[in-house]
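Have a look at the structure below, then the notes.
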Amino acid sequence: MFAIADCNNFYASCERVFQPKLNHLPIIVLSNNDGCVIARSNEAKALGIKMGAPYFKIEQFAKQENIKVFSSNYALYGDMSQRVMQVLSQYAPRIEVYSIDECFLDLTGFQADLTSYCVPICKVVKQWTGIPISIGIAPTKTLAKLANRLAKQGQSKHGSVLDWSSIDEADVILASIALDDIWGISRRWTEKLQQIGIHNALQLKRANVSLLRKQFGVVMERIVMELNGISCIALEEMPSPKKQILTSRSFGEKLTEYHDVRAAVTHFATRSAEKLRRQKMTTQTLTVFIQTSPFDKNPQYANSATLQFDCPTNNSSLLVEAANHGLAQIFKSGFFYQRAGVLLPELWAEGVEQISLFDVADSTKSKQLMRALDDINKKHGKRSIVYGSKLLSRRWQMRQQYKSPSYTTNIMELMTIQI
DNA sequence: TCTGGGGTCCTAGGACCC
DNA sequence: TCTGGGGTCCTAGGACCC
């Protein structure tokens, strides 16, 4: 038996915790670079703001309707997420933190009425963190997600909690659910399913499984089984180690100069190395890529370069050097670059890598240097020590015009109260 | 002027092994 | 007249998630 707890309009709710005057007012949160809408309060949804809408297209409307706009503040959202997850973890022997705002709970074997068990969870999370959540309960993850969606739509007699098994005519409900509201089914598959006469969740539940397996593969087969109440997607308690690490950004403005892009790439390589070390991993491969904007009417260009290290490493200096080397190979002047990134596509656990027969580098020294670097940056602020090529330019940095303070993670940005 | 940033899994096909 | 059986690894592309 699964429950899924899902924070309502999570990013918008995080902003509201620290500005309660915004309760009941329309709020939107923008993606990095203040590009697209990625979260909306219910009031903003009611005004017709679409998920993913480019901000510059709705800016006028937002002003006109007095919608409160925020840049993404991931320091805040990440910290608030941890608080919510910590509370939830007290209510089940096993949980799976599925995303920044969602968590599966294993309720297998619980004797109590599950709805009565979960209603207080919502209350406590709200009281202790300020974040409103909804809970869906079902024998499979897929059905739990559907129950959660129905709860959010106000279709439960118990407020924000809905147990799938308490629904009298589940098939009638299923018939009213669109295909792309099902977890794992998006636009392409919706179109493909409609072509073979399947138009809603009930039809998919009753469809011929082996036929669907042939046409769509095992992923679709699992979805159909799960709709039928047969659990195929297990709870994954331990986060599995990362298989790749990507650091990339759109630039705050289009860049044409090599040194501007180089500064960005140096930063991405440094960040990637930091992520590697935090996860105690190394990489033997680095890919650096650059691209112009697909929306740009100017000539388009995109390219990448992949470099190999002699031995797996997480040394920032080596990654920065490789990224700069790769950039030199692919950079062409005359283009308006919009985005760049550094990808580490295959990772190793630190210490298990194959070293080179001829490697004479003192790896102990390298490790000590990186530890000193990380310690200093931790103690004295994130960017106390940086690589020189990052200082060539700041023009790549993203726009964040509407960012709220990092209330919970930066002592300098604590909330102030006037009496 | 202005359109995000991370990830994962599966499959088919080709190359290769004994 | 007739030419096996059982595998692995890698890659690209396509789909999906939040």
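To find a chain, count down the sequence lines: A is the first, B the second, and so on, and within it residues start at 1. Remember, it's a predicted structure, so these values are computed and weren't measured experimentally.
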- Of A:Tyr55 and A:Ser240, whose nearest nucleotide on DNA chain B comes first from the 5' end?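 On the 5' side of the pair lies A:Tyr55.
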
Just how far, in rounded Å, is [atom2] of [N] from [atom1] of [X]?
X	N	atom1	atom2	value
A:Arg188	B:dC10	CZ	P	20 Å
A:Asp6	C:dC17	CG	P	14 Å
A:Lys242	B:dC9	NZ	P	11 Å

Answer with base, sugar-phosphate or nothing: what part of the nucleic acid does [X] contact at a heavy-atom distance below 4.0 Å?
X	value
A:Glu59	nothing
A:Asp101	sugar-phosphate
A:Gln244	base
A:Asn32	sugar-phosphate
A:Leu30	nothing
A:Leu246	sugar-phosphate
A:Ser72	nothing
A:Lys275	sugar-phosphate

- Message: I want to verify a distance call: between C:dC18, B:dT3, B:dG6, whose nearest atom is closest to the A:Arg249 side chain?
- Response: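 Comparing C:dC18, B:dT3, B:dG6 against the side chain of A:Arg249, the answer is B:dG6.
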
Under 4.0 Å: is that the gap between some side-chain N or O of [X] and OP1 or OP2 of [N]?
X	N	answer
A:Arg399	B:dT1	no
A:Ser186	C:dC17	yes
A:Ser248	B:dG6	yes

- Partner nucleotide, any strand, of C:dC18 [Watson-Crick/G-U, under 3.5 Å]: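 Its partner is B:dG5.
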
- Reference residue A:Ile173; test side chain to side chain contact (heavy atoms under 4.5 Å, CB included); the match among A:Leu202, A:Leu146, A:Ile167: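 So, applying the side chain to side chain contact (heavy atoms under 4.5 Å, CB included) to A:Ile173 and each of A:Leu202, A:Leu146, A:Ile167, only A:Ile167 qualifies.
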
- Message: Check the orientation of A:Tyr11 and A:Tyr77. Use parallel for under 30°, tilted for 30 to 60°, and perpendicular for over 60°.
- Response: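 Parallel, since the angle between the ring planes stays under 30°.
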
- Query: Is A:Tyr98 stacked on the base of C:dC18 when the test is centres under 5.5 angstrom and planes under 30 degrees?
  - Reply: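 A:Tyr98 ring does not meet the centre or angle cut-off for C:dC18; no stack.
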
Using a strict threshold of under 4.0 Å (side-chain N to carboxylate O), is an ion pair present between [Y] and [X]?
X	Y	result
A:Lys141	A:Glu96	yes
A:Arg278	A:Glu274	no
A:Lys254	A:Asp296	no

